[in-house]
K.L.:
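Let me give you the structure first, and then I'll get to my questions.
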Amino acid sequence: MRTLRILFAKELNATLTSPIGYTVAAVFLLVLGYTFSLTLFVTKVANLQYIFHQMYVLSILLVPVLTMRTFAEERRSETLELLLTAPVHELSVVLAKYAATLALVLGIFALTLIYAVILDRYGEPDWGPIYAGYLALALHASLLVAVGLLMSSITESQVVAAALSIGAFLMLWFADSVSYLLPPPFDSFAINLSLIGHFKPMVSGSVFLSDIGYFVTASMLALFLTAWGLAQR
């Protein structure tokens with residue numbers, strides 16, 4: 001556990017001192033601020049569902065920018081070999097990078113709580129869907145970061161890692177769209193694999209254990225595959 005804490009502190013420091021995180025946060029909040037203002041003035045409805053869906057899409061586009069350098073940069077600069085030959089378990093390395101990147105993403109999400117405060121100040125929002133929406137976003141971010149790390153671990157090019165991550169996210173997003181082409185039981189598998197199929201009910205306020213289980217299981221599988229791939233080197 002002490003080793004994990006040291007690695008986490010190192011990764012978090014590297015994440016917070018990189019301009020990439022601040023650039024992503026600025027773009028993310030600028031787009032959301034514009035969307036929130038426009039939606040509030042046009043619809044005059046005190047809810048954040050539209051904002052949650054915007055955050056879902058922006059996360060798919062911006063999280064790869066945060067995860068692309070995690071392993072790819074260390075592989076290119078040949079520091080990954082040095083790190084893996086140290087007396088630390090591969091899983092500790094993966095978890096430290098995962099926790100540091102996820103902390104940054106959740107920190108950016110937390111800044112959007114100001115929108116909920118504004119709604120509470122000038123309206124009477126239904127807090128159930130808002131709580132459920134932020135839970136969905138946290139689980140969504142957990143999965144994206146885990147898959148992004150997996151993609152970064154298989155290449156030394158940051159651009160390739162980002163492209164692979166976006167491709168994987170889009171395939172998960174639209175997985176259910178090919179279900180009608182598949183025979184049973186593969187059609188049900190494709191539907192259950194859909195990212196948006198598990199995200200949408202939660203931001204509407206309907207929280208099911210099956211949706212939570214999907215995000216948790218998929219995140220753990222991606223982290224396991226990342227650690228396993230590093231151990232095979």
Side-chain angles (χ1 to χ4, degrees), residues 11-70 72-73 97-123 125-127 129-149 151-152 158-170 172-174 195-196 199-200 202-205 215:
E11 294 298 332
L12 188 62
N13 180 64
T15 300
L16 295 179
T17 55
S18 168
I20 295 177
Y22 297 101
T23 304
V24 168
V27 172
F28 191 87
L29 295 173
L30 185 63
V31 174
L32 280 182
Y34 173 76
T35 304
F36 175 75
S37 304
L38 191 63
T39 304
L40 187 61
F41 285 119
V42 171
T43 67
K44 301 186 186 307
V45 176
N47 73 61
L48 292 177
Q49 281 197 36
Y50 190 75
I51 294 298
F52 290 149
H53 283 284
Q54 284 277 316
M55 293 172 72
Y56 169 88
V57 175
L58 286 174
S59 299
I60 286 177
L61 297 175
L62 296 179
V63 166
V65 179
L66 299 176
T67 58
M68 65 182 185
R69 59 176 291 276
T70 49
E73 174 61 21
K97 290 181 178 294
Y98 169 74
T101 308
L102 183 59
L104 175 62
V105 176
L106 294 182
I108 296 173
F109 285 178
L111 295 175
T112 66
L113 288 170
I114 186 65
Y115 303 142
V117 174
I118 292 174
L119 290 185
D120 186 52
R121 176 68 178 80
Y122 296 103
D126 183 356
W127 285 98
I130 293 178
Y131 293 142
Y134 275 104
L135 173 62
L137 286 170
L139 293 169
H140 176 62
S142 173
L143 175 56
L144 296 188
V145 172
V147 174
L149 258 63
M151 296 299 120
S152 181
Q158 296 188 39
V159 175
V160 172
L164 288 174
S165 297
I166 293 176
F169 298 163
L170 292 178
L172 286 174
W173 184 353
F174 298 112
L195 191 58
I196 191 68
F199 180 82
K200 190 179 291 184
M202 295 184 72
V203 295
S204 301
F215 285 107

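Basis for what follows: all heavy atoms, side chains included, without hydrogens, waters or symmetry-related copies. Note that this is a predicted model, so its numbers are computed, not measured.
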K.L.:
With the side chain counted from C-beta on, respond yes when Phe36 and Leu48 share a heavy-atom pair under 4.5 Å apart, and no when they do not.
P.N.:
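Phe36 vs Leu48: side chains touch.
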
K.L.:
Does any part of the side chain of Ile108, heavy atoms only, come nearer than 4.5 Å to the side chain of Leu62, both counted from C-beta?
P.N.:
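In short, these two side chains do not touch, never coming nearer than 4.5 Å.
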
K.L.:
Could you pull out all residues at least two apart from Tyr131 that satisfy ring-ring contact (aromatic ring centres under 6.0 Å, His included)?
P.N.:
Trp127

K.L.:
How long is the span from the CG atom in Leu58 to the CD1 atom in Ile51, to the nearest 0.5 Å?
P.N.:
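If we round to the nearest 0.5 Å, Leu58:CG and Ile51:CD1 are 9.5 Å apart.
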
K.L.:
State, to 0.1 Å, how close Ser165 and Met151 come at their nearest heavy-atom pair, and which atoms those are.
P.N.:
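Looks like OG-CB, 3.4 Å.
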
K.L.:
I'd like to know if the side chain of Thr70 pairs up with that of Tyr98 as donor and acceptor (distance under 3.5 Å, no hydrogens or angles considered).
P.N.:
no

K.L.:
For a quick test of reading the model, state the closest non-hydrogen atom pair linking Gly205 to Ala132 and the distance between them.
P.N.:
CA-CB, 3.9 Å

K.L.:
List, one per line, each side-chain donor-acceptor pair under 3.5 Å for residues 16-31, sequence neighbours excluded.
P.N.:
residue	atom	partner	partner atom	Å
Thr17	OG1	Asn13	O	2.7
Thr17	OG1	Ala14	O	3.3
Ser18	OG	Ile20	N	3.2
Tyr22	OH	Leu16	O	2.8
Thr23	OG1	Pro19	O	2.8

K.L.:
Taking all non-hydrogen atoms of both residues into account, name the closest pair between Leu137 and Phe52 and its distance.
P.N.:
CD1-CD2, 3.4 Å

K.L.:
First locate atom CG of Leu102, then atom OG1 of Thr67, and finally report the distance between them rounded to the nearest 0.5 Å.
P.N.:
11.5 Å

K.L.:
Show the nearest heavy-atom pair for residues Ser152 and Arg69, with the distance to one decimal.
P.N.:
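Where Ser152 meets Arg69 most closely, the heavy atoms are OG-C, 4.2 Å.
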
K.L.:
With side chain to side chain contact (heavy atoms under 4.5 Å, CB included) as the test, would you mind laying out the steps for Phe174 and Leu170 before giving the verdict?
P.N.:
CA-CA 6 Å; Phe174 298 112; Leu170 292 178; 4.2 Å; yes

K.L.:
Any pair with a residue in residues 110-122 that passes side chain to side chain donor-acceptor pair (under 3.5 Å), sequence neighbours left out, goes on the list, sorted by first then second residue, please.
P.N.:
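Those involving residues 110-122 are Thr112-Tyr134.
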
K.L.:
Under 4.5 Å between any side-chain heavy atoms of Tyr56 and Val203, yes or no?
P.N.:
no

K.L.:
Is any side-chain heavy atom of His140 closer than 4.5 Å to a side-chain heavy atom of Leu195?
P.N.:
yes

K.L.:
Surrounding OH of Tyr50 (heavy atoms of other residues, nucleotides or ligands, distance under 6.0 Å), is the total greater than 12?
P.N.:
no

K.L.:
Show the numbers, then the answer: is there a side chain to side chain contact (heavy atoms under 4.5 Å, CB included) between Val57 and Trp173?
P.N.:
CA-CA 10 Å; Val57 175; Trp173 184 353; 3.9 Å; yes

K.L.:
Evaluate the criterion side chain to side chain contact (heavy atoms under 4.5 Å, CB included) for residue pair Leu61 and Phe169; output intermediate values, then yes/no.
P.N.:
CA-CA 9 Å; Leu61 297 175; Phe169 298 163; over 6 Å; no

K.L.:
Which heavy atom in Ala161 sits nearest to a heavy atom in Met68, and how many Å separate them?
P.N.:
CB-O, 3.9 Å

K.L.:
Could you give the distance from CG (Leu144) to CG (Leu139), rounded to the nearest 0.5 Å?
P.N.:
11.0 Å

K.L.:
Please step through side chain to side chain contact (heavy atoms under 4.5 Å, CB included) for the pair Glu11 and Thr101, ending with a clear verdict.
P.N.:
CA-CA 8 Å; Glu11 294 298 332; Thr101 308; over 6 Å; no

K.L.:
When rounded to the nearest 0.5 angstrom, what distance separates CG in Leu32 from CE in Met55?
P.N.:
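Answer for the CG-CE pair, Leu32 versus Met55, is 6.0 Å.
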
